[in-house]
Amino acid sequence: MTVVNGRPTLTINIATAREHWLEGMLRHEIGTHYLRGINNNGQPWSNWTGRRKHGLKPINPTEEGLASIHSVLFRKDPFLWRAALLYYTVYQASRMSFSELFQDIGRFVKDPNTRWDYCVRAKRGWTDTSQPGCFSKDQVYLDGILRILRYRQSIDFSLLTALGKVSYEDVERLKEFAVLENMRVPHFLQDHTRYMEHLEKIMEVNELSDKELQALVP
């Protein structure tokens with residue numbers, strides 16, 4: 001999603017769009033980023049002055065982690081392979097040239113055009129891609145996913161959305177200052193029990209355990 005003429009704009013390539021991918025993308029972009037942005041506009045921390053005043057943590061990795069979870073939330077097999085591959089590709093890019101990276105991730109991505117896209121994402125901003133180096137932002141997706149799953153039992157997900165662009169770590173202390181009237185929460189968050197069941201399925205399908213998450217995320 002980008003801003004065009006002051007308005008959030010979502011551009012979709014209908015030639016490559018698939019039904020389940022499209023549904024997940026809408027939950028990612030509209031159900032997470034857009035609604036959290038709209039809700040943020042009504043909060044005391046809607047600008048940088050307010051964020052500093054309330055001592056807010058950065059919105060990532062919460063923002064992208066939450067959106068990435070919502071991308072796969074209702075899939076039959078909600079694998080987190082894309083977030084994992086993005087993380088891996090960035091790490092390898094920090095050690096490899098573009099051509100070496102292209103060959104390396106061929107183990108996981110056979111289509112050369114798709115593989116090219118992953119390499120471009122990891123190397124963007126570098127003027128000499130024959131040298132090791134990376135653009136590390138794409139590691140934020142898996143980082144955020146693991147943190148949110150680690151603390152899923154203690155996070156109020158509806159409130160996390162209603163508060164706007166905030167970290168899950170700030171929710172409890174901010175709720176007394178929040179404006180909650182007319183805040184928008186996506187439909188898939190309105191049934192808490194069902195939402196939590198989907199998170200448990202994501203854990204199961206990706207063979208993640210609470211013990212592992214506690215070791216990875218203090």
Side-chain angles (χ1 to χ4, degrees), residues 1 10 12-13 16-36 59-93 104-111 113-115 117-119 121-122 136-161 167-169 171 185-218:
M1 183 178 294
L10 188 61
I12 300 172
N13 183 350
T16 59
R18 302 179 304 278
E19 179 182 354
H20 295 297
W21 172 86
L22 185 59
E23 183 185 10
M25 184 271 295
L26 291 174
R27 285 195 301 273
H28 182 118
E29 298 291 350
I30 306 299
T32 310
H33 292 321
Y34 178 73
L35 288 185
R36 274 168 54 91
I59 63 171
N60 277 316
T62 296
E63 179 79 12
E64 294 297 354
L66 189 64
S68 297
I69 287 173
H70 292 164
S71 293
V72 302
L73 193 66
F74 292 148
R75 290 184 184 173
K76 180 181 177 181
D77 297 307
F79 291 114
L80 299 170
W81 63 267
R82 177 171 168 77
L85 183 57
L86 286 170
Y87 194 101
Y88 173 85
T89 304
V90 167
Y91 174 74
Q92 293 295 76
D104 181 71
I105 67 170
R107 294 181 291 165
F108 310 112
V109 183
K110 300 305 180 184
D111 179 69
N113 293 322
T114 302
R115 205 186 324 166
D117 289 342
Y118 274 94
C119 292
R121 287 182 66 109
S136 63
K137 179 183 180 294
D138 280 351
Q139 290 191 329
V140 78
Y141 301 100
L142 184 62
D143 183 17
I145 289 169
L146 296 179
R147 289 175 185 274
I148 288 170
L149 292 177
R150 161 71 169 86
Y151 290 103
R152 68 193 184 283
Q153 299 296 346
S154 61
I155 295 174
D156 184 331
F157 287 97
S158 292
L159 191 56
L160 179 59
T161 299
S167 167
Y168 72 88
E169 297 173 274
V171 169
V185 176
H187 69 91
F188 55 82
L189 275 175
Q190 293 172 8
D191 185 336
H192 176 73
T193 300
R194 185 171 181 234
Y195 182 81
M196 295 304 292
E197 288 173 351
H198 283 295
L199 295 190
E200 294 304 322
K201 183 176 181 180
I202 290 173
M203 293 276 292
E204 178 184 350
V205 167
N206 290 279
E207 299 183 11
L208 292 169
S209 69
D210 284 314
K211 183 177 181 179
E212 289 171 325
L213 289 178
Q214 288 164 10
L216 286 169
V217 183

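We number each residue from 1, following the sequence as shown. Computed from heavy atoms alone, side chains included, the values below leave out hydrogens, waters and symmetry copies.
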**Prompt:** Can you name the nearest heavy-atom pair linking Ile155 to Ile148, along with the distance?
**Reply:**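 For Ile155 and Ile148, the tightest heavy-atom pair comes out as CD1-O, 3.9 Å.
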**Asked** Do you know the tightest heavy-atom contact between Gly31 and Pro186?
**Response**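 Reported closest heavy-atom pair: O-CG, 3.4 Å.
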Heavy atoms, side chains only, cut-off 4.5 Å: are [X] and [Y] in contact?
{"X": "Met203", "Y": "Leu213", "result": "yes"}
{"X": "Leu142", "Y": "Leu86", "result": "no"}
{"X": "Val205", "Y": "Arg75", "result": "no"}
{"X": "Ile202", "Y": "Leu80", "result": "yes"}
{"X": "Lys201", "Y": "Phe74", "result": "no"}
{"X": "Arg121", "Y": "Lys137", "result": "no"}

**Prompt:** Parallel, tilted or perpendicular for His28 and Tyr141, by the 30°/60° rule?
**Reply:**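 The arrangement is tilted - the two ring planes meet at 30° to 60°.
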**Asked** Going by the angle between their ring planes, with limits at 30° and 60°, are Tyr195 and Phe188 parallel, tilted or perpendicular?
**Response**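 Ring orientation, 0 to 90° scale: parallel.
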**Message:** Would Arg152 and Phe157 count as a cation-pi pair here, with the cationic atom under 6.0 angstrom from the ring centre and within 45° of the axis?
**Reply:**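 Judged by the rule (NZ or CZ under 6.0 Å from the ring centre, within 45° of its axis), Arg152 is not positioned above Phe157.
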**Asked** Are any of the side-chain nitrogens in Glu23 or Arg27 under 4.0 Å away from the carboxylate oxygens of its partner?
**Response**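 Salt bridge: yes.
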**Item:** Tyr151: ring-ring contact (aromatic ring centres under 6.0 Å, His included) partners, not counting sequence neighbours
**Value:**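 If we apply the ring-ring contact (aromatic ring centres under 6.0 Å, His included) test to Tyr151, skipping adjacent residues, the hits are Tyr168.
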**Output field: ring centroids Tyr88/Phe108 closer than 6.0 Å** =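 For Tyr88 and Phe108, the ring centres are under 6.0 Å apart.
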Take a 6.0 Å sphere around [atom1] of [X] and say whether it holds more than 12 heavy atoms from other residues, nucleotides or ligands.
{"X": "Glu204", "atom1": "CD", "value": "no"}
{"X": "Gln190", "atom1": "CD", "value": "yes"}
{"X": "Tyr87", "atom1": "OH", "value": "no"}

**Request:** Apply salt bridge (Lys or Arg N to Asp or Glu O under 4.0 Å) to Asp104 and list each qualifying residue two or more places apart in sequence or on a separate chain.
**Result:**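 Arg107.
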Separation between [atom1] of [X] and [atom2] of [Y], rounded to the nearest 0.5 Å:
{"X": "Leu199", "Y": "Leu208", "atom1": "CG", "atom2": "CG", "answer": "12.0 Å"}
{"X": "Glu64", "Y": "Gln139", "atom1": "CD", "atom2": "CD", "answer": "14.0 Å"}
{"X": "Thr62", "Y": "Ile145", "atom1": "OG1", "atom2": "CD1", "answer": "12.0 Å"}
{"X": "Asp117", "Y": "Thr89", "atom1": "CG", "atom2": "OG1", "answer": "11.5 Å"}
{"X": "Lys110", "Y": "Ile105", "atom1": "NZ", "atom2": "CD1", "answer": "11.0 Å"}
{"X": "Asp138", "Y": "Asp143", "atom1": "CG", "atom2": "CG", "answer": "12.5 Å"}

Under 3.5 Å, is there a donor-acceptor pair between the side chain of [X] and the main chain of [Y]?
{"X": "His198", "Y": "Leu73", "answer": "yes"}
{"X": "Asn206", "Y": "Pro78", "answer": "yes"}
{"X": "Arg150", "Y": "Arg147", "answer": "no"}

**Message:** Before you tell me yes or no, could you show the steps for Leu160 and Leu189 under side chain to side chain contact (heavy atoms under 4.5 Å, CB included), namely the whole-Å CA-CA distance, both residues' side-chain angles and the distance that decides it to 0.1 Å?
**Reply:** CA-CA 11 Å; Leu160 179 59; Leu189 275 175; over 6 Å; no
